[in-house]
Amino acid sequence: MTTHAPQAAHTVTLPGSLDEAVAALAAMPTAVPVAGGTDLMAAVNSGLLRPAGLVGLGRISEIKGWQYQDGAALLGAGLTHARMGRPDFAALMPALAAAARAAGPPQIRNAGTLGGNIASAQPTGDTLPVLAALEASLVIAGPGGTRREIPIGRLLAGLDMLRPGELIGYVRVPLLHAPQTFLKATGRTGPGRAIASVAVVLDPARRSVRCAVGAVAPMPLRPFDAERWVSSIVDWDGDRTLAPDALAAFGDYVAAACIPDPVPEPDALNIHEGAEPGTLPPAVLHLRRTVATLARRALGRALA
């Protein structure tokens, strides 16, 4: 795996099916599943992780595609970002395709997988706010051929974790057949890790706008009050456009919800010279403005 990591993995298993992979993990509890390895290998090479064994998922063809099931798309956890970025997938879920295309340079997109993005749960994971806004759920494969389904938000929030011997097999995403957008801001030109990202999806059947903000917290944030407010002013039976001031108000609402003002502490000294007590430092104010701009633009594009 690496030439400079002591106690690196000694056992590598390459199962041919999802159930075989689960059985391998059950037989070797200290092993770590690996698909693209874009996050795992970085942790190993930096000395943060020393797995006793690896269960490679690259030969499991059943999780590399998708299928339609009861008004939803069942996405295999082995789908690569490169595959999700192609036009046929973009026609199905444009926001998820946009997030996949923004995930990094070609070598990362060719290797990194949807399931890996979810399992690593990095705050900057580009697919995570889109899946949160789409209210996706995870189909978890367990020992003995068992399957259970949980909302993705519960896993990302740590409320329902993977149990020993379990793997993310599929991601179930409701098909909305409506506009959806994903935008992100990075610290440099070109592909890079997000400093903030926003996904907006329209759900005309429920007359609702759904939004999720990524990279500003350990997990994607849903500004529910902002969603309800803007959903109430959209003309769902008309052209669904909003005035610029309404779009700007939505952006500000989302940003304030995800990056709130600090609670005033009268007895505490403010460490920011010249700042009023309770104000945000300049870097956080800049992040709030970035989120507001992304949310405004994402909603505007979705409603256009």
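Side-chain contact between Leu285 and Leu287: absent, with no pair of heavy atoms (C-beta onward) separated by less than 4.5 Å. Counting heavy atoms from C-beta outward, Ile168 and Ile140 have side chains that approach closer than 4.5 Å. Contact check for Thr38 versus His81: no side-chain heavy atoms found under the 4.5 Å cut-off. A 4.5 Å side-chain heavy-atom check between Arg240 and Pro179 finds at least one atom pair inside the cut-off. Side-chain contact between Ile63 and Thr113 is absent, with no heavy-atom pair separated by less than 4.5 Å. With a 4.5 Å cut-off on side-chain heavy atoms, Glu62 and Tyr170 count as touching. Within the 4.5 Å cutoff, side-chain heavy atoms of Leu138 are placed close to those of Val171. For the pair Arg83/Asp88, a side-chain contact is recorded, criterion being any heavy-atom separation below 4.5 Å from C-beta on.
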Point to revise | Step-by-step side chain to side chain contact (heavy atoms under 4.5 Å, CB included) determination, Leu202 to Leu176 | key: CA-CA 8 Å; Leu202 304 186; Leu176 301 178; over 6 Å; no

Exercise for review: Give the intermediate values and the outcome of salt bridge (charged side-chain N to carboxylate O under 4.0 Å, His left out) for residues Glu20 and Arg59.
Suggested key: CA-CA 11 Å; Glu20 287 179 9; Arg59 295 184 178 179; over 6 Å; no

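No side-chain donor from either of Ser17 and Asp19 sits under 3.5 Å from a side-chain acceptor of the other. Between the side chains of Thr181 and Arg301, no donor-acceptor pair of N or O atoms lies under 3.5 Å.
One distance of note links CZ of Phe182 with CE of Met93; it measures 15.0 Å at 0.5 Å rounding. Between atom CE of residue Met84 and atom CG of residue Asp126 there is a gap of 10.0 Å, rounded to the nearest 0.5 Å. Atoms CZ and CE, on Arg163 and Met161 in that order, are 12.0 Å from each other to the nearest 0.5 Å. Here Glu166 contributes atom CD and Thr146 contributes atom OG1; the two are 6.5 Å apart, rounded to the nearest 0.5 Å. In this structure, CZ in Arg222 is found 10.5 Å from SG in Cys258, a value given to the nearest 0.5 Å.
Under the 4.5 Å side-chain heavy-atom criterion for Ile, Leu, Val, Met, Phe, Trp and Tyr, Ile195 and Val198 are members of distinct hydrophobic clusters. Hydrophobic clustering (ILVMFWY, side-chain heavy atoms < 4.5 Å, transitive): Val291 and Phe224 are in distinct clusters. Linking Ile, Leu, Val, Met, Phe, Trp and Tyr residues whenever their side-chain heavy atoms come within less than 4.5 Å leaves Leu221 and Val201 in two separate clusters. Clustering ILVMFWY residues whenever any of their side-chain heavy atoms sit less than 4.5 angstrom apart, transitively, puts Ile150 in the very cluster that holds Leu131. One hydrophobic cluster holds both Leu75 and Leu175 under the rule that ILVMFWY side chains link at heavy-atom gaps under 4.5 Å.
The side chain to side chain contact (heavy atoms under 4.5 Å, CB included) search around Glu149 returns Ser137, Val139, Arg172, not counting sequence neighbours.
Of all non-hydrogen atoms in Ile233 and Leu242, the two that sit nearest each other are O-CD2, 3.7 Å. Of all the heavy atoms in Pro174 and Leu134, the pair that sits closest is CD-O, 3.5 Å. Scanning all heavy atoms of the two residues, the minimum distance from Leu96 to Gln180 falls at N-OE1, 4.2 Å. Minimum interatomic distance between Ile60 and Pro15 (heavy atoms only, all atoms of both residues): CG1-O, 3.7 Å. Contact detail for Ala31 and Val55: the closest heavy-atom pair is CB-CG2, 4.0 Å. Ala194 and Ala215 get closest at one heavy-atom pair: O-CB, 3.7 Å.
In this structure, Trp66 and Phe89 have perpendicular ring planes: the angle between them is above 60°, well past the 30° mark.
Remark: Asp261 engages Arg288 in a salt bridge, criterion side-chain N to carboxylate O under 4.0 Å. Ion pairing between a basic and an acidic side chain is recognised when a charged N comes within 4.0 Å of a carboxylate O; Arg296 and Asp245 show no such pairing.
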